[in-house]
There are 2 protein chains.
Amino acid sequence: MASERIRPGRYVCGIDAAVGVIGGKWKVLILWALHEYPGIRFGELRRQVPGITVKVLASHLHELEEDGIVHRVAYDEVPPRVEYSLTETGALLNKALEPLGAWGRENIMGGVDRHPEPPGPDAAEG
Amino acid sequence: MASERIRPGRYVCGIDAAVGVIGGKWKVLILWALHEYPGIRFGELRRQVPGITVKVLASHLHELEEDGIVHRVAYDEVPPRVEYSLTETGALLNKALEPLGAWGRENIMGGVDRHPEPPGPDAAEG
DNA sequence: CCGCATCCACGAAGATACTG
DNA sequence: CAGTATCTTCGTGGATGCGG
């Protein structure tokens, strides 16, 4: 068993399972940031998900890592450096979320989106 | 404004918006039952979503109705009869959820599913 | 039969201080 | 920089009783 969220009998269907894994207030935003900026560091990720607290970001990253969505690489340096990215499963999840995102844009947000175009990798690090 | 969940500035992207509308513990199960049994009555719907309480089912139905996902028809009879079904938007939402359901089945549930047919009968007839 | 109102329990999320 | 620990707050969901 990978985690508490992934165990037999918890879900009745795939949608239920997916929502159980990415549900909550922040996970999809983390996922999106991870997709936009592969190898993003903790502090930068925090800035990319405005409003999230350190504790919540850390715990959600742990959960996503447990669930095989997120890959974590810690470098043994001073100052410490940790990079996060999507696993293959995580990338597939993001792809599976695309139709849902399109639905949300069209039916909830009236076709508007606050981040129409990714700024590009050069905006990731300063 | 349709509801508190649908207002400008609440979401940063379509996925976020969609999860905001269908998030929580029960909404996707309600959605699925509504898809399987169009025109289902309250009591029957309650049986189709095992474990849900009356209060939660009622409030979630109201939210889904506010958000334009669910259509509610009350017949002025004794005893009272109320039927629920998906709106067109709700049906589209269910369709948009299909890839997510497939992802969940394959990556979380190990390909198993507790109910034979995923939402979307016309998905199989293409 | 349908559904709301009230009160209560629990987990998730926020703020802050602290460690390696 | 990258987190952990703790306390508090808040929202969601659960149980029960009442009204149309």
Side-chain angles (χ1 to χ4, degrees), chain A residues 3-5 7 10-12 16 19-30 33-34 37 39-67 70-85 124-126, chain B residues 3-5 7 10-12 16 19-31 33-34 37 39-67 70-85:
Chain A
S3 80
E4 184 60 23
R5 285 164 308 291
R7 56 177 169 78
R10 167 142 194 179
Y11 307 111
V12 299
D16 191 21
V19 171
V21 168
I22 61 159
K25 197 174 168 184
W26 299 108
K27 292 236 177 106
V28 294
L29 300 179
I30 296 174
L34 250 35
Y37 308 101
I40 191 173
R41 298 178 62 180
F42 188 90
E44 177 64 19
L45 185 52
R46 198 180 149 197
R47 280 183 288 276
Q48 288 298 325
V49 185
I52 197 169
T53 60
V54 184
K55 175 196 148 195
V56 172
L57 177 56
S59 69
H60 281 190
L61 281 172
H62 274 147
E63 291 179 3
L64 290 169
E65 192 189 359
E66 267 193 343
D67 295 342
V70 159
H71 183 57
R72 178 183 184 274
V73 181
Y75 297 89
D76 204 356
E77 300 174 356
V78 177
R81 182 162 58 101
V82 181
E83 295 184 351
Y84 294 91
S85 52
E125 201 63 32
Chain B
S3 81
E4 184 59 26
R5 285 164 307 292
R7 55 176 171 76
R10 165 141 194 181
Y11 307 111
V12 299
D16 192 19
V19 171
V21 169
I22 62 159
K25 197 174 168 184
W26 300 108
K27 293 236 177 106
V28 295
L29 300 179
I30 296 174
L31 232 61
L34 250 35
Y37 307 100
I40 190 173
R41 298 179 61 179
F42 188 90
E44 177 64 19
L45 185 51
R46 196 180 151 197
R47 280 185 287 277
Q48 288 297 326
V49 185
I52 198 170
T53 59
V54 185
K55 175 199 151 193
V56 172
L57 177 56
S59 68
H60 281 189
L61 281 171
H62 270 291
E63 292 179 2
L64 290 169
E65 191 190 1
E66 267 192 344
D67 295 343
V70 159
H71 182 57
R72 179 183 184 273
V73 180
Y75 298 89
D76 204 355
E77 302 173 357
V78 176
R81 182 162 58 101
V82 182
E83 295 183 351
Y84 295 91
S85 53

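Note that the structure is predicted; figures quoted are calculated from it, not measured. Letters A, B, ... mirror the listed sequences (proteins, then strands); counts begin at 1. Keep in mind that the numbers below use all heavy atoms, side chains included, and drop hydrogens, waters and symmetry copies.
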Exercise. Between D:dG3 atom C1' and A:Phe42 atom CZ, what is the distance in whole Å?
Worked result: 6 Å
For this session: May I ask you to verify if any side-chain N or O of A:Lys25 is less than 4.0 angstrom from the OP1 or OP2 atom of C:dG14?
Result: yes
For this session: Identify which nucleotide among D:dC1, C:dA13, C:dG3 has an atom closest to any side-chain atom of A:Arg41, counting heavy atoms from C-beta outward.
Result: D:dC1
For this session: May I ask you to decide if A:Arg5's main-chain N or O and A:Tyr11's side chain share a donor-acceptor pair within less than 3.5 Å?
Result: yes
Exercise. Looking for any heavy atom pair under 4.0 Å, which part of the strands does A:Arg46 touch: base, sugar-phosphate only, or nothing?
Worked result: nothing
For this session: For A:Val54, report the nucleic acid contact type (base, sugar-phosphate, nothing); a contact means any heavy atom under 4.0 Å.
Result: base
For this session: Provide, to the nearest angstrom, the distance between the CD1 atom belonging to B:Ile52 and the P atom belonging to D:dG13.
Result: 8 Å
Problem set entry | From C:dG3, D:dT4, C:dC1, nucleotide with atom closest to B:Val82 side chain | C:dG3
For this session: Output the single nucleotide from C:dG3, D:dG20, C:dC4 whose closest atom is nearest the side chain of B:Arg72.
Result: C:dG3
For this session: Ignoring hydrogens and angles, state whether a donor on the side chain of B:Glu83 or B:Tyr75 is under 3.5 Å from an acceptor on the partner side chain.
Result: yes
For this session: For the side chain of B:Pro80, starting at C-beta, report the closest nucleotide among D:dC1, D:dG3, D:dG20.
Result: D:dG20
Exercise. Quick one: the side chain of A:Lys55 and the base of C:dG14, do they pair up donor-acceptor inside 3.5 Å?
Worked result: yes
Exercise. When the distance from CG of B:Leu61 to C1' of D:dT12 is rounded to whole Å, what number comes out?
Worked result: 16 Å
For this session: Before giving the answer on salt bridge (charged side-chain N to carboxylate O under 4.0 Å, His left out), spell out for A:Glu44 and A:Arg41 the whole-Å C-alpha distance, their side-chain angles and the decisive distance to 0.1 Å.
Result: CA-CA 5 Å; A:Glu44 177 64 19; A:Arg41 298 178 62 180; over 6 Å; no
Problem set entry | Backbone N/O of B:Glu4 and side chain of B:Arg10: donor-acceptor pair under 3.5 Å | yes
Exercise. For B:Leu57 and C:dA5, what is the distance between atoms CG and P respectively, to the nearest whole Å?
Worked result: 16 Å
For this session: Identify all stems in which DNA chain D takes part, counting only runs of at least 3 consecutive pairs (Watson-Crick or G-U wobble, each distance under 3.5 Å), and give each as one range with another, ordered by first number.
Result: C:1-20 with D:1-20
For this session: Select base, sugar-phosphate, or nothing to describe what B:Tyr75 touches, counting heavy atoms under 4.0 Å on all strands.
Result: nothing
Exercise. Whole Å only: how far is the CD atom of B:Glu44 from the C1' atom of C:dC1?
Worked result: 13 Å
Exercise. Roughly how many Å is it from CG in A:Asp76 to C1' in D:dG3, rounded to a whole number?
Worked result: 15 Å
For this session: Measure from NE2 on A:His62 to P on D:dG3 and round the result to the nearest Å.
Result: 7 Å
For this session: Whole angstrom is fine here: how far is it from CH2 in B:Trp26 over to P in D:dG13?
Result: 9 Å
Exercise. For D:dG13, does OP1 or OP2 lie under 4.0 Å from any side-chain N or O of B:His60?
Worked result: yes
Exercise. Does A:Arg81 make a side-chain N or O approach to OP1 or OP2 of D:dA2 shorter than 4.0 Å?
Worked result: no
Exercise. So which nucleotide from C:dC2, D:dG3, C:dG3 ends up closest to the side chain of B:Ala58?
Worked result: C:dG3
